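FYI, the numbering just counts along the sequence from 1. Source: prediction; values computed, not measured.
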Amino acid sequence: MTLIATRGVRTLTRLACGASLAALAVSPAFAQDAADTPTTDAAPADEIVVTGFRASLDKALDQKRNATGAVDVIVAEDIAKFPDQNLAESLQRIPGISIQRDAGEGRAITVRGLGAQFTRVRLNGMETIATSTDGAAANRDRAFDFNVFASELFTSLVVHKTASASLDEGSLGAVVDLNTGNPLGGKEGLTLVASAQARYNDLSKDVDPRLAGLVAWTNADRTFGVSASVAWSDYKTLELGNNSVRWAQSPFRSVDGVTCMAGSNFVANPSAECIEVAEAFHPRIPRYGLVSHDRERLGATASIQFEPSENTKISIDGLYSTFKETRDEYWGEVLLRSNERGIDVSNYVIDENNNLVSADLDNVYVRTERYSRESETKFYQLSARLEQRLTDSFKLNLLGGFSKSKADIPIETTLAFDDTDATGYHYDYTNTQFPLLSFGAGIDDPAAFELAEFRDRPSFLTNKFKTFAADFDWDVADRFKLLGGGFYRQFDFDTVGYRRDSTYCAAFTCAPGTGGLPVTPDIAELFELGDAGQPSGNTNAWIVPDLDAGTALIDLYGRPAVLQQGEQRAVTEKTYGGWFMTEFETELLGMRLTGNAGVRYAKTEQSSSGFTSGTFVTVDRTYDDWLPSFNLNLHPTDNIILRGAIAKVITRPTLGSLTPGGSVDQFNFRITSGNPFLEPYRATTFDLAAEWYFAPGAIASVALFAKDIESFPISTSLQGTYASSGLPNSLLTPGTPAYDAVVGGSDPNRQFEFRTTGNGPGANLKGVEFSLQLPFSVFSDSLRHFGVLGNATFVKSDVDYSISGPLVYDPVQNKLVAQPNGTYTQPLLGLAKRAWNATVYYDDGKLSVRTSAAWRSGYNDSTSGNNNIFEGYGSSFNLDASIRYALTEQIELSIEGTNLTDDYRYRFNDIYANRNYENNHYGRTFLFGARFKI
């Protein structure tokens, strides 16, 4: 018996809704793509037809091999059957790609160390942005949220790691093509597919549904085809753990019974203990809690294709998706932040990293908090493409479409119960990941608390894209082509936010000597923590607000929502230009040589709007870029390819940074402002790769890459008073912590954190990728059903950051003072130096078993604040597995498990001191399902 080679697999196994037209761009002009190959009715009796997971690997490898640039591909095993539950989780199997998880699910990707904002995503060939409101902070940037879409809707993912003139500009990392249906690529007649899964999470203990279906029809002449698919899921995920909300320095009222403060100032000649504790870092808001994610996802696609002749092909594609989430949080915490001057410290320990790692505290500000956010993302896109061959050698392609993504948060509510003079509190961060937090008496007694603060912060975001492109493809001579085209894109970003924030006493009349409404049992409920990894002796139950009863009591949603000027901003970008490229094939010293060379021109007209000191202003600017690119592939043998590429690339600045306005966070004492004159990220990229296709379905490769980033906007954080900002006191709201009723504004001595963005110095990035895809048929035909694939990436980059370090006591001024900023050389934010993933599989056509592991080293994601030196995430490890069994050709059963090790997500504050920012886990998830196909 003969194992069919990769090209045979392309003929004999195909998706009824194969790669879309956008995916075809990965193949050079001289290669015939699988989607254009007619389906073979039967295989010879002595041949083994590779199907399922192995066939999807072969098909993807075939596209990679024939591509002119550096390309990686993932294709569905079959209709509505993507290899992972989430598109981001599939992409992490590709060399050089890591993912950012949220609530245990992949949300965004990092390519070769560059974060999500550096990756452009195209849906059926059209650039778009899908923004969800998932996470502790909603995405208001160019990053693409992959959790918006159900994976069952897609047939292939194509990652372009090197640039070419024909690819949309805007990426320093990669261009990712997401492709839905292609009806004419399927079998003639009717195709029906349906799948159902039950999802169980061992932390939430819930069983939830996941359903998908597809219908497709192609006429006998294969000139007309239609398809439609739908996927729906409704599930709950719990996030349990602890959070410090960063660490900070501040003097306390007393230390071990010795008075340190006289009002808001140090006493004369404070004790050494007072200074020692003041200079040490302490957790700002140490707390344990629960975050509950209730999510519902609905997606649908539709595609129509008409090919009246071999010269004309018309495709119309539509996609619709909604992603709803209710995020509920329950916290028991102490507000050390901004209240240290009234707190008494005793029995303290300061470790070698200058952390006030444990202490007994009295007269502390205890808060129990209930937060709820209802959000919904709606996305839709409609695109049309015409492929017209005008002569035997000249083709014209037209693409037009639009997309819209709305990410709305109609409700974002917080109610807080406060006990401002509690005693007997103890914390211990000796085990930094799982601290001990022990409250004194009263934490479970409503009578000990007052309803002190309430907030509601609705916000609304809209992204719109309009695209029109026309390009030509001219076979000038044998093995030589000219390609080119023009394009116009308009991107509109608009966001607005409102507030219903106040303290209770500012909104209502409080009894003398009280700081809020005394809590009664009818507006409170007892919260019990559950398994958050907490040690013995931790406080695990406390009173929290009953959200429905509390909001009804104060008529929160009946209060006027006040526009937040700093949260109303907009950006419009109009980009137009053209590109020209040659594709060629020749010989060099008897070796086949292929490649392309071209240049892309893009002119960007940017209009940014926002509030500045109470006035809504719009700032316009224009810039243009010439972006040459060159890809070359040398074939020393039929099975070895040496690739090289060089290109100029850009990524436009982050949207939040482009506003001319700013915002004041009156609860966290933070002022954030934008800069509409930020330059784009500009870079020159270099790539070298060697690929060895040593057997059918096998590859061993190594790739070297470097990026010389010429300009790099950088966030900065400074300390100062509110008065030094130049903003008027009228922006401060009575009843918030930032407002001082005595002075009618801000306390002149109160320190604020200033966050903004400027045009920083350049940076560099270099790295290496290793990849192996090894079917065990290489060793023996008896092992042909087994295989392994894996890759590892190592990246290095150096950026000089200017950061304010720890405060130091100055005896002359008798206070803590800032030191001159220090320069710290660190990798790009979001860049993990090392990452690897591996999959071991068995697939015989009936039984398929896979185990996949992914590991990513820790990384910085912010320069931090509160005088810490960077913050970021610790290393992560995820282990997934799946088993599928085909009962018949029509029915398949499956069991899948994700996050089987129940990996914790650890976030740190300060790279040198490793202070705990947060540490959470989400539990293991199992899916049991069945799939039916005719």
Side-chain angles (χ1 to χ4, degrees), residues 69-72 88 91-101 106 108-120 143 159-163 171-176 643-647 649-651 681-691 700-714 760-772 789-801 824-838 853-863 870-878 907-908 911:
V71 166
D72 284 292
L91 285 167
Q92 74 175 330
R93 316 296 180 201
I94 287 177
I97 293 185
S98 299
I99 66 173
Q100 176 184 335
R101 292 179 181 270
I109 67 171
T110 296
V111 182
R112 290 179 167 177
L114 291 171
Q117 73 183 80
F118 297 102
T119 298
R120 295 280 68 79
V159 180
H160 307 263
K161 293 180 180 176
T162 59
S171 164
L172 264 66
V175 175
V176 178
R643 301 185 188 271
I646 183 172
V649 295
I650 68 166
T651 288
Y681 303 78
R682 293 186 172 97
T684 303
T685 65
F686 307 88
D687 293 84
L688 288 173
E691 299 170 359
S701 67
V702 59
L704 303 174
F705 55 89
K707 300 178 190 293
D708 181 11
I709 304 175
E710 302 160 15
S711 59
F712 200 94
I714 189 169
N764 61 74
L765 179 154
K766 54 189 176 183
V768 58
E769 293 172 357
F770 300 96
S771 181
L772 175 68
L789 53 149
N791 58 77
T793 304
F794 303 89
V795 187
K796 177 179 172 57
S797 77
D798 292 315
V799 180
D800 291 332
Y801 299 89
Y824 299 87
T825 302
Q826 284 288 311
L828 292 167
L829 298 180
L831 184 149
K833 293 182 179 180
R834 301 175 301 279
W836 62 262
N837 67 74
W855 179 84
R856 183 186 190 187
S857 64
Y859 61 94
N860 301 329
D861 77 330
S862 172
T863 55
F870 294 98
E871 66 185 40
Y873 290 89
S875 62
S876 63
F877 176 78
N878 282 89
R907 189 175 183 183
F908 63 83
I911 56 173

| request: Determine whether Leu704 and Val768 make a side-chain contact, defined as any pair of heavy atoms from C-beta on separated by less than 4.5 Å. | output: yes
| said: Counting C-beta onward and ignoring hydrogens, is there a side-chain heavy-atom pair between Leu114 and Thr119 closer than 4.5 Å? | reply: no
| task | Find out whether Leu91 and Val159 are in side-chain contact, i.e. whether some heavy atom of one side chain is under 4.5 Å from a heavy atom of the other. | result | yes
| Can you check whether Lys161 reaches Ile94 side chain to side chain, under 4.5 Å on heavy atoms? | yes
| message | For a quick check under 3.5 Å, do Glu710 and Tyr681 share a side-chain donor-acceptor pair by atom type? | response | no
| remark: Output for pair (Phe686 CZ, Leu688 CG), nearest 0.5 Å, gives 10.0 Å
| task | For Asn860 and Ile911, run side chain to side chain contact (heavy atoms under 4.5 Å, CB included): C-alpha distance rounded to whole Å, both residues' side-chain angles, the deciding distance at 0.1 Å, then the answer. | result | CA-CA 8 Å; Asn860 301 329; Ile911 56 173; 3.0 Å; yes
| query | Would you say the side chain of Phe870 lies within less than 4.5 Å of the side chain of Tyr801, judging by non-hydrogen atoms? | reply | yes
| task | Over all heavy atoms of both residues, which pair between Gln117 and Arg120 is shortest? Give the atoms and the distance, please. | result | O-NH1, 3.3 Å
| said: Any donor-acceptor pair under 3.5 Å linking the side-chain atoms of Asn837 with those of Asn791? | reply: yes
| said: Donor-acceptor pair, distance only, cut-off 3.5 Å: does the side chain of Ser875 make one with the backbone of Ser857? | reply: no
| Any chance the side chains of Thr825 and Asp800 put a donor and an acceptor closer than 3.5 Å? | yes
| message | Walk me through whether Lys833 and Val795 qualify under side chain to side chain contact (heavy atoms under 4.5 Å, CB included). | response | CA-CA 5 Å; Lys833 293 182 179 180; Val795 187; 5.7 Å; no
| remark: Nearest heavy-atom contact between Ser862 and Leu829 is N-CD2, 3.8 Å
| task | Carefully, step by step, assess Thr110 and Leu831 under the rule side chain to side chain contact (heavy atoms under 4.5 Å, CB included). | result | CA-CA 8 Å; Thr110 296; Leu831 184 149; over 6 Å; no
| field | Smallest separation among heavy atoms of Thr162 and Ala645, with atom names | value | CG2-CB, 3.9 Å
| Ion pair present between Asp687 and Arg643, side-chain N to carboxylate O less than 4.0 angstrom? | no
| message | Could you measure the distance from the OG atom of Ser797 to the NZ atom of Lys766? Nearest 0.5 Å is fine. | response | 10.5 Å
| said: Within this structure, what is the CG-CG distance for the pair Leu765 and Leu828, rounded to the nearest 0.5 Å? | reply: 5.5 Å
| field | Nearest heavy-atom neighbours spanning Ala174 and Val111 | value | CB-CG1, 3.8 Å
| task | Measure the spacing between NE2 of His160 and OG of Ser171 and express it to the nearest 0.5 Å. | result | 10.5 Å
| message | Is there a side-chain contact between Ile109 and Val176 in this structure, where contact means two heavy atoms from C-beta onward sitting under 4.5 Å apart? | response | yes
| Measuring from Leu172:CG to Ile650:CD1, what's the distance to the nearest 0.5 Å? | 9.0 Å
| field | Test: Arg112 cationic atom under 6.0 Å from Phe705 six-membered ring centre, within 45° of axis | value | yes
| query | Out of curiosity, Ser876 OG to Arg856 CZ, how far, rounded to the nearest 0.5 Å? | reply | 7.0 Å
| Chi angles and distances behind the side chain to side chain contact (heavy atoms under 4.5 Å, CB included) call for Trp836, Phe770 | CA-CA 9 Å; Trp836 62 262; Phe770 300 96; over 6 Å; no
| task | Would you check, one step at a time, whether the test ring pair (Phe, Tyr, Trp, His ring centres under 6.0 Å) holds for Tyr859 with Tyr873? | result | CA-CA 6 Å; Tyr859 61 94; Tyr873 290 89; 5.7 Å; yes
| request: Give a yes or no on whether the backbone of Glu691 and the side-chain of Ser701 come within a donor-acceptor separation of less than 3.5 Å. | output: no
